[in-house]
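In each ligand, atom 1 is the first atom listed, and ligand 1 is the first ligand listed.
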Amino acid sequence: MVYNEIESAKREELEELELKRLQSTVERVYSLSTFYKEKFDELGITPKDITSLEDIKKLPFTTKKDLRAHYPFGLFTVPMSEVARIHSSSGTTGKPTVVGYTKSDMDVWDEVMARVFTLAGATSKDIVHNAYGYGLFTGGLGFHNGAEKIGAAIVPASAGMTDRQLMLMRDFGASILASTPTFALHMAEVAQKAGSDYLSHYKLKAGIFGAEPTSKGLKKEVSNAWGIDYHEVYGLSEIIGPGVAANCKESDLLHVFEDHFFVEIINPQTGESLPDGQRGELVITPLTKQALPLIRYRTGDITSITKEPCKCGRTLLRMESIVGRVDDMLIISGVNVYPSQIEHVIANTEGVTLNYQIIVDKHGHLDKLEIHIEVSDEIMTDSLGQMGALKKEIQHALLNNLYINAHVVLVQPRSIERSMGKAVRIIDKRKEQ
Ligand code: DLL
């Protein structure tokens, strides 16, 4: 079942709509934003130059730096009287990125989130336990409004207070869980303490997870620990919040709601477009945004796209789960590694869990990589000799598969700090020096 017929429209029809919307977005920024007017003028282009979707390549990119440089409202194209909501993404350094929505932008957001819930099989009969943080972060309210739109009962639990969340989930009989994958796993670990039959106390059937990179292994763990269908949602505040893409029951690839968000893949180093199937940086142009219409926004997220038809009947193109971030790519003694590749190796090793932390440091001129990994409960009761063998096995696998020399430190179960929001997987001490 699709929430909106457009999700299964003929591709020509879809692309015709996208071109019309792209043209009006380009007109909009050219006439209402001095920032874009100047950028277009520098490149010698006007809205008339956009006569096909291919022509988007003529347009300039927008980056997070541009948003920061115009902090807080400099890139808005509506007066404050038309702004209905303001969110911001947590800036770890400096000022946060501020985003605004008109009433019509909020309607689009509700609509795409309603599609996400429908993709996960949710209906008005469901009880949605929403453990995404409420506040400036777009997760909480984004899911909240989408659940309301499909008529489900929403429990606005927000993040934190694990024991209380578990009690509410049990007592209210929640059928859909919405949270970050790491928090879902953390909740499962706490729930398991109640005994091996803990699942009999819950009525969950599906979960909608996102906001942080997640390996196949972690997805499987979350899905098994809760006995649920795992659905992934992707999104970012600059574009809308959660609700840019999500996967159906048929595959792990995420359908992009391309009637609202036009996506491209580029080579992050050269800015050149890459063909379908090739991995690169995801660039998004929202096609219907009023308050903050951005052109070719560089997300910094690495993925690939495909237009191959999906069994579910949706014709929307699909993207693979985010492989990593352009700026998260670690260069260890000249070798490029994404944390997701390290996670893949860990996921394929028995005896350890997916709770890990990567610490990069310098020893003299050499990069030093240390990976702390929690062992499973069963392993702790075994001999230390086995721990040594396990450590060596992982170090070998990292060397053979990724060509990296790492020092693996096996640590006690539950000793790495748990996150309520997005997990901190990498500590790069080289950046602090
Ligand atoms: O994280 C919006 C969101 C909320 C998405 C809840 C999904 C669920 P920001 O705080 O602006 O917005 O962070 C956006 O988070 O550029 C990605 O790097 C990362 N991210 C979001 N979803 C996924 C995902 C929200 N499914 C940034 N897989 C994005 C991997 C994700 N990374």
**Prompt:** What do you reckon, does Y132 have a nitrogen or oxygen under 3.5 Å from a nitrogen or oxygen of ligand 1?
**Reply:** no
**Asked** So, is T299 polar-close to ligand 1, with some N/O to N/O distance under 3.5 Å?
**Response** no
**Asked** Ring centroid separation for H87 and W109, is it under 6.0 angstrom?
**Response** yes
**Request:** Report the part of E212 in contact with ligand 1, treating N, CA, C, O as backbone and CB onward as side chain, heavy atoms under 4.0 Å; options are side chain, backbone, both, neither.
**Result:** backbone
**Prompt:** Has ligand 1 got any nitrogen or oxygen that is less than 3.5 angstrom from a nitrogen or oxygen of T214?
**Reply:** no
**Item:** Salt-bridge contact D276-K307 (side-chain N to carboxylate O under 4.0 Å)
**Value:** yes
**Request:** Show which atoms of ligand 1 fall inside a sub-4.0 Å distance from at least one heavy-atom site of V233.
**Result:** 7 (C), 8 (C), 22 (N), 24 (C), 26 (N)
**Request:** Could you tell me whether S89 approaches ligand 1 through its side chain, its backbone, both or neither, with non-hydrogen atoms closer than 4.0 Å?
**Result:** side chain
**Asked** At a non-hydrogen distance cut-off of under 4.0 Å, which region of F137 contacts ligand 1 (side chain, backbone, both, or neither)?
**Response** side chain
**Request:** Check whether the ring centres of Y230 and F209 lie less than 6.0 Å apart, and answer yes or no.
**Result:** yes
**Item:** Aromatic centroids of F172 and H129 separated by under 6.0 Å
**Value:** no
**Item:** Numbered atoms of ligand 1 (with element) below 4.0 Å of G235, judged on heavy atoms
**Value:** 2 (C), 5 (C), 12 (O), 14 (C), 21 (C), 22 (N), 25 (C), 29 (C)
